[in-house]
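Just so it is clear: chains get the letters A, B, ... in the order the sequence lines come, proteins before strands, and each one is counted from 1.
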There are 2 protein chains.
Amino acid sequence: MKPTDTKQKIMDTAEHLFARDGYRGTSLRAITGKAGVNLAAVNYHFGSKTSLLETVIRRRILPLNQIRKKRLEQLRENARKKKKTPDIKDVLTAFIEPTLLFMESSPGAKNFIAFIGRSFTGPDDTVRKVFMRFIKPMFYLLFEAACDSLPNQPQETIFWRLHFTMGALFHTMQLSGNVDIGPKNLHADINAKSLINHIIPYITAGMKAR
Amino acid sequence: MKPTDTKQKIMDTAEHLFARDGYRGTSLRAITGKAGVNLAAVNYHFGSKTSLLETVIRRRILPLNQIRKKRLEQLRENARKKKKTPDIKDVLTAFIEPTLLFMESSPGAKNFIAFIGRSFTGPDDTVRKVFMRFIKPMFYLLFEAACDSLPNQPQETIFWRLHFTMGALFHTMQLSGNVDIGPKNLHADINAKSLINHIIPYITAGMKAR
DNA sequence: CATTAATTCAAACATGTGTTTTAATTGATT
DNA sequence: AATCAATTAAAACACATGTTTGAATTAATG
């Protein structure tokens, strides 16, 4: 068995189980058992459980952040050309659309999106800290763009409304994932397109309120 | 020491630690240590850790639900008298205001509110199931009232928008609590009134969108 | 083919968990 | 004051966790 296969299998299985049972709720024995590899393989290939977590997160979030960054930047560019402020709806879409579309780029990504959604509200410092490190700069970009779009709103208001928007988004991301939640999987037909069509009008109206 | 004191101290400490570190992340030894009681006291007074969790939740959520139910019902009553549909803003306020005000009814309640916020998105089945059992009927009441207020929106849309609203609310509730997150506690000055003033316009606009 | 490095494997380790047990202590009742 | 039930206390139990160890196996290199 190629070493890459073992590493890959561990990462994919870990991603799946982290999304379903959380980081703390997933034991290395559960991962290696489901992946069909030896228990010690995790520590051999990754060093520690925390390190495995970090690798799992990094693998998906770097390309995702790149897409979001690109879309936000080209939105600002376009607005500058037209000498207009970007529409808040476009700003939100530039951030959220890649996030939700990403979950359909591969079955594993679906689990990852669910994992993000769960982790951000969760009590587990280990997980939240890792995510925070990757997502914070992304959030600042979004905040700046939102301030451009809503020049008449005080920054505190914009901050809070982005906070609510994140809450709505995380809570929705959590629904995705191949996570097996019993025979009557109500969310089997959830697709990114439909989620986007529902959430964008809601948060756009929320950001513009009053 | 009165038996009530020991039980009370265990419940209060458990509530605090559950909110800060999660149910799984809180050991009975951490609870009994901080509460200054013997380890075995938990199993003596409550039977098991799960049973302690259930007691902690039940103590707060029953009176809270009663308030929310009363406000939603009297809102419908008033609307019926005036032969008008209730305003969606009032419906949302009737549900959310008691929830956030509740967190100032006592310092312990603050922890509890944070605990709810964290648990609803968390991966821990044990916790979510207990909360679900108590909150589901409440959610149905809210859904019905929202449908009355927005007769022109398809029920699917209303459902999704309430879902987003819950996401925003949970994510916000999570910020409350005496939870010590280091020396630079940015959210020390968060109060219910201010949260309400921020969130109501946002979710109202979201529900009404388009 | 022989040698060497990389990987896998089974077993053990140290620690932390919820729970149970059994004895000591307390507090009220007769 | 003596008795009895309720409560507390210390210790052990059985199990699960992440990690480490050292030998066995595999793959690559000369």
(request) State whether A:Arg59 and A:Asp12 are salt-bridged, where the test is any N-O pair (Lys NZ or Arg NE/NH1/NH2 against Asp/Glu carboxylate O) under 4.0 Å. (result)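 Yes, A:Arg59 and A:Asp12 are salt-bridged.
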Which is true for [X] with a 4.0 Å heavy-atom rule: it touches a base, it touches only sugar-phosphate, or it touches nothing?
| X | answer |
| --- | --- |
| A:Thr26 | sugar-phosphate |
| B:Ala41 | nothing |
| A:Ser51 | nothing |

Can you check the [X] [atom1] to [N] [atom2] distance for me, whole Å?
| X | N | atom1 | atom2 | result |
| --- | --- | --- | --- | --- |
| B:Leu17 | C:dG18 | CG | P | 12 Å |
| A:Lys7 | C:dA6 | NZ | C1' | 13 Å |
| A:Leu28 | C:dC9 | CG | P | 16 Å |
| A:Ile31 | D:dG18 | CD1 | C1' | 11 Å |
| A:Tyr23 | D:dG18 | OH | P | 8 Å |
| B:Arg24 | D:dA16 | CZ | P | 15 Å |
| B:Asn38 | C:dT25 | CG | P | 14 Å |
| B:Asn43 | D:dT7 | CG | C1' | 14 Å |

Looking at [N], I'd like to know if its phosphate oxygens (OP1 or OP2) sit under 4.0 Å from a side-chain N or O belonging to [X].
| X | N | answer |
| --- | --- | --- |
| A:Ser48 | D:dG18 | no |
| A:His45 | C:dA6 | no |
| B:Ser27 | C:dT17 | yes |

(request) Output the single nucleotide from C:dG18, D:dT17, D:dT7 whose closest atom is nearest the side chain of A:Arg29. (result) D:dT17
(request) Measure from the side-chain heavy atoms of B:Lys49 and tell me the nearest of C:dT7, C:dT19, D:dT20. (result) C:dT19
(request) Could you check if a side-chain atom of B:Trp160 sits within less than 4.5 angstrom of a side-chain atom of A:Ile199, using non-hydrogen atoms only? (result) no
(request) Only one of B:Leu72, B:Val91, B:Asn65 passes side chain to side chain contact (heavy atoms under 4.5 Å, CB included) with B:Leu141; say which it is. (result) B:Leu72
(request) On the 0 to 90° scale, with breaks at 30° and 60°, tag the A:His163-B:His171 ring pair as parallel, tilted or perpendicular. (result) parallel
(request) Would you kindly compare A:Leu39 and B:Gly25 by the position of their nearest DNA chain C nucleotide and give the one closer to the 5′ end? (result)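 It is A:Leu39, whose closest nucleotide lies nearer the 5' terminus.
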(message) Within a 6.0 Å radius of atom CD on A:Gln66, are there more than 12 heavy atoms belonging to other residues, nucleotides or ligands?
(response)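 Not buried by this count: 12 neighbours or fewer within 6.0 Å.
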